[in-house]
Each structure stands twice: as structure tokens, then as C-alpha cells.
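The chain is numbered in sequence order, starting from 1. Computation of the quantities below employed the complete heavy-atom set of this structure, encompassing side-chain atoms and omitting hydrogens, waters and symmetry-equivalent molecules.
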Amino acid sequence: MPELLEALEQKDHIIREQQQLLKLLEEKLRLSRLQRFGASSEKLSFQVDFFDEAELEVALSDLEAQLPEDPSPKKLRKKRKGFSDQLPRIRVELVLTDEEKAGATKTFFTKVKEELDIVPARARVLEYWQEKAVFEQCGEQRIVAAHRPAHPLGKCIASVQLLAYILVSKYADALPLYRLEKILQRYGGDITRTTLANWIIRLDDVFKPLINLMREHQLTGDYLQADETRLQVLKEDGRPATSDKWMWLIRGGPPDQPVVLFEYDVSRSEEVPLRLLDGFEGVLQVDGYAGYNRVCRENPITRIGCWDHARRKFVEASKASPAIKKGSKADVAIGKIRKLYLIEDRIKDLESEQKKAQRQTLSRAVLEDLKAWLETNTHRVPKDSLTWIAINYTLNQWDLLIAYCEDGRLNISNALAENAIRPFAVGRRNWLFSDTPRGARASATCYSLIETAKANGLEPSAYLHHVLQHIAAADTLEKIEALLPWNMK
């Protein structure tokens, strides 16, 4: 009889374990389906009602009372402003007929409307005719030719304006080259995608001195953010075409002169950050990836974490729950984390020292409450569930996650780096892969120029056009430095 009871107890234990495993697998399956077919936004369907819970409502009211007065209070929504004064304007006059104004003492015009107009792209051929003068001197002839502007690719049938158009279309607007080929054909320019790709690859060498200066300038700052994402390169020696390669991103530098640099590498190992951050001293903000541990350990680099990544894990746990309902542990954690973002939103316009003081006063209290809640609930959720993973990730990263409170210049998250790498992710969805490593490196260079221009408030097309016009003649360090985004007029 005791043997029978023991056998039944063992079977019950096995059944409970299998049921728990089944729940975990169902949770991960729901998350996988959401990631594949659902909306990518982290906003939850019940997000507006998050603070209906009495406890959260009281906590937010207390925080609101402690926050400083908003230096820029929200004003009533105004009527939409007119278009920029920098846009060219064409006057369209709506005139009366002779019969309608017959007998009038005078006529006048009043502006009644403005419309934004776009001139469609138009292909044309630039013919360069070089004037030459012949001089007779001592019975010999001497010919003097007009100056011919240097082209960044030498003998190339593409104008610098076309090259800028190609780069912006592919790397800012995410158009694959086969679509560009079709677009140019419609305009009368019969250029193959192979030729377009070759131009981009050749421009990598042209832009290299400018990229080197950007990298040196970036390392003079003391606050960088980093991220990395997958890239498929088909013809990488010694690597299967289907294997993952990586596009790395480093963003930062002097606060008023940010640099965004992309770097292709076949590896995601810790050797890559060691190379990219060689010579850097300061604060590095990244997610929880262990590949950054060594560079921070062997160099005078302080590593801090990203609350976006911690929050995202709780959002995934909430979305993958069997039924959307208020009050789950993942939902409570998201509500507590959102208080930190509320504080950041209210103090965003303060000076760095004031930000630090407010974080020490307000954010620290929220963080202490959150940590206590995490430690209490880590044993109250099933092990290996998405909520358990989120809780333990946050606790393991805790010292890195709270480090932003020590310096008002630091951000609560790595969002600036993620925003900079997002255009690459959008483009990858369209063009899927790079054919060769040279193409991947050229893409990294183009993304670096475009995203750095955007970070410095420049329109990418105008910036690239200017660079392409002048870089071929930039034969000194001073001339190359003049092409850096923050040196542009």
C-alpha cells in the first residue's frame, strides 16, 4: 500500500510539472505569434486605464505634488502654423474677367490660401562644355582650359545630385536598389542596380576620411550609447549565407555635436566593442548584453543600463498572458516603471544639476519601492515564465539601471541609439540582405553620414549633396573638417 501511494504521488508530481511546462510553452507561443503578426508598439490596449487602480492613482498624485513647476506649461492647441519661410513661393493670381471688373474704381489682391506643392523628380543630362583658349608664344601654341570640377568617383556618368538621391533613397527612405532601378527607368535613366551598387561601394572609400574624423570626434565625448542588430551577408568568406552577422551602432560625443556611427562585423563577440571603443573614457549606456562587459572592465568606462529594455520584458509578459486583464504582476511592474518616465518627462527641461537633484529626491523613492516589489514577487511567479524572466533581468541589472540618477546628463534609456538604428532595421525589412562584406561596410558608412546629419539638425539630402560636391577637392585636413555636419553653415 505505501508503495502504491508513493507511485501515485510521483505521478501527480510529474503531471503538475507537465502542466506547468505546458503553460510556459503556451505563453511563449502567444508571444511568438504576437511578435510575428501583432502590432510592434509597446502600448497596451488598457494602457489608458493603468492608473485607475487606487494605489497607483494615489502614488501618482503624491509624485505630481512633489514635482517642480513645469517650466513650459501646456497651452491650448493653436491653429496650425503656415509653411516655412525658407520654402520658395510662387504667386498664383486669380483674376477677374474684364466684364467682372468693368466700372470698378480700383482692383487689388489678397492672399486667401497657401498650398504645399511638390515638383516630381525629373531626369536630365548635364553636358559639360569646357572652354579652351589658344595662345601663340615664341612660335608655339599654348592651350589654357577652364577649370573642371573634380568628381568624387572620377569618370562617372552620375552627377553628385544623382548620387545623393540614390544614397538618401536607399538609406533614409529604405528603397531597395531594384526599386530605384525601376524609378530611374521611368524617368528615362537606364541604369542597372549593379551599377548603382558599385557606385555606393566606391563611395565608401571616398567618405572614409570623413568617417575617421567623426570617429575621433565621437571619442572626445564622455557619454556614448551603443546597440547592435542582425544583418545577413551572403558572400562572407567562411560563413554560411544564412548565418547572422552584425551591424553595430555607437551614438554620442560632445553634447552639441553628436556622432552616429555604424560598423559592420561578422561577430557579436566582446572583441568588437574593444575595437570600437578603443580610447574612450566615460559612460557607456547599453542593454544587458554581456558582450560589453570586457570593454568596461579593461577600460575606464562606467556602464549603465537601459530601462526601455527592462520595461519591454514586462510588456511582453503582459501581452502574452492568457487574457488581458488589469492587476497582473507584469502590469503592476509596468505601472511602477512608468512613474520613472513620468518624472523624466516633467524634469526634461531642467539643467543637469537640477535633474540630478530631482532624481535623487523623486526617482530614488520610486526605485526603492520597485526593487522591494520585485524581490517580494520573484518567488510568487512560475519559474521561467516571462514575468519571472522580466523580474530577474531587472534585479540582475539593478545597479546599472539606477546609475542614471547619479548624473543629470544621462538618459533613463538607450532610446537615442535605438532610434538611430531603427532606419537600418526598416531598410533591412525591404532589401533583406547585403550581397558582399564590402556592400555591408558601404551601407554602414552611408547610414553613419545620414544619421549624424539628422542628429545635428541637417536635411540629409542637402548635406550629402554638399559633401559630394566638395569632398573630391578636399586635399587637406582643414577642408575635410569643413565637411563635418556641425561645421556646416
Side-chain angles (χ1 to χ4, degrees), residues 121 123-126 150-212 229-249 260-266 421-453 460-461 463-469 471-472:
R124 61 186 182 184
V125 178
L126 301 180
H151 192 284
L153 295 182
K155 293 182 178 180
C156 178
I157 63 171
S159 70
V160 293
Q161 183 69 35
L162 176 58
L163 293 176
Y165 171 78
I166 293 168
L167 297 181
V168 171
S169 296
K170 179 172 172 62
Y171 298 109
D173 300 330
L175 287 178
L177 291 183
Y178 77 87
R179 292 186 193 171
L180 274 173
E181 179 183 28
K182 299 296 184 183
I183 292 172
L184 291 174
Q185 283 179 354
R186 292 204 308 267
Y187 296 149
D190 189 10
I191 301 175
T192 67
R193 70 193 75 172
T194 302
T195 301
L196 297 177
N198 287 335
W199 288 344
I200 294 173
I201 290 173
R202 290 171 60 193
L203 284 173
D204 184 34
D205 292 331
V206 174
F207 292 139
K208 193 61 66 181
L210 194 57
I211 294 295
N212 291 339
T229 187
R230 290 176 175 83
L231 170 65
Q232 189 176 11
V233 180
L234 300 184
K235 298 176 182 177
E236 181 68 62
D237 290 342
R239 301 266 181 163
T242 55
S243 66
D244 286 333
K245 293 82 178 179
W246 298 89
M247 187 67 80
W248 295 75
L249 176 135
V260 182
L261 291 178
F262 289 73
E263 183 83 10
Y264 164 71
D265 202 284
V266 297
I421 210 170
R422 186 169 289 113
F424 170 81
V426 173
R428 179 184 56 195
R429 192 178 306 162
N430 290 337
W431 39 258
L432 300 178
F433 55 83
S434 291
D435 188 48
T436 66
R438 288 189 64 193
R441 286 190 289 270
S443 295
T445 294
C446 296
Y447 276 115
S448 298
L449 291 173
I450 288 174
E451 292 303 315
T452 301
S461 180
Y463 174 66
L464 286 176
H465 185 204
H466 179 83
V467 170
L468 288 166
Q469 276 185 316
I471 197 166

Should Leu177 and Ile200 be marked as a side chain to side chain contact (heavy atoms under 4.5 Å, CB included) after you check the CA-CA gap, both sets of side-chain angles, and the distance that decides it? CA-CA 11 Å; Leu177 291 183; Ile200 294 173; 4.1 Å; yes

Let's go through Val467 and Phe207 carefully: what are the C-alpha distance in whole Å and the side-chain angles of both, what is the deciding distance for side chain to side chain contact (heavy atoms under 4.5 Å, CB included) to 0.1 Å, and is it a yes or a no? CA-CA 9 Å; Val467 170; Phe207 292 139; 3.8 Å; yes

When you look at Val168 and His465, which way does the side chain to side chain contact (heavy atoms under 4.5 Å, CB included) test go after all the steps? CA-CA 10 Å; Val168 171; His465 185 204; over 6 Å; no

Between Ile211 and Asp204, is a side chain to side chain contact (heavy atoms under 4.5 Å, CB included) present by the stated rule, with each step listed? CA-CA 9 Å; Ile211 294 295; Asp204 184 34; over 6 Å; no

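At a threshold of 4.5 Å between non-hydrogen side-chain atoms, the residues Leu464 and Tyr171 do not count as touching. Counting only heavy atoms from C-beta outward, the side chains of Pro437 and Tyr264 approach each other to under 4.5 Å. Residues Leu163 and His151 meet the side-chain proximity criterion, which asks for heavy atoms closer than 4.5 Å. Contact of the Pro423 side chain with the Glu451 side chain is registered, since non-hydrogen atoms from C-beta on lie closer than 4.5 Å. Taking the side chain as every heavy atom from C-beta outward, Thr229 and Arg428 approach each other to under 4.5 Å. Residues Thr445 and Leu203 fail the side-chain proximity criterion, which asks for heavy atoms closer than 4.5 Å. In this structure, Ile157 and Trp199 have side chains that are in contact, with non-hydrogen atoms separated by less than 4.5 Å. Looking only at side-chain heavy atoms (C-beta outward), Glu181 and Ile191 stay at 4.5 Å or farther from each other.
Few gaps surround NZ on Lys208; more than 12 heavy atoms of other groups in view lie less than 6.0 Å from it.
The side-chain contact (heavy atoms from CB on, under 4.5 Å) test applied to Ile183 returns Tyr165, Leu175, Arg186, Tyr187, not counting sequence neighbours. In this structure, the ring-ring contact (aromatic ring centres under 6.0 Å, His included) partners of Phe262, at least two apart in sequence or on a different chain, are Tyr447. Considering only residues two or more places apart in sequence or on other chains, Pro176 meets the side-chain contact (heavy atoms from CB on, under 4.5 Å) condition with Tyr178, Arg179, Asn430, Trp431.
Across Cys156 and Leu153, no two heavy atoms sit closer than the pair CB-CB, 3.8 Å. Closest of all the heavy-atom pairs between Ala440 and Ser434 is CA-OG, 3.9 Å.
Expressed to the nearest 0.5 Å, how far CG of Leu249 lies from CG of Leu261 amounts to 8.0 Å. Between the OG atom of Ser243 and the CD atom of Glu236 there is a distance of 8.0 Å, given to the nearest 0.5 Å.
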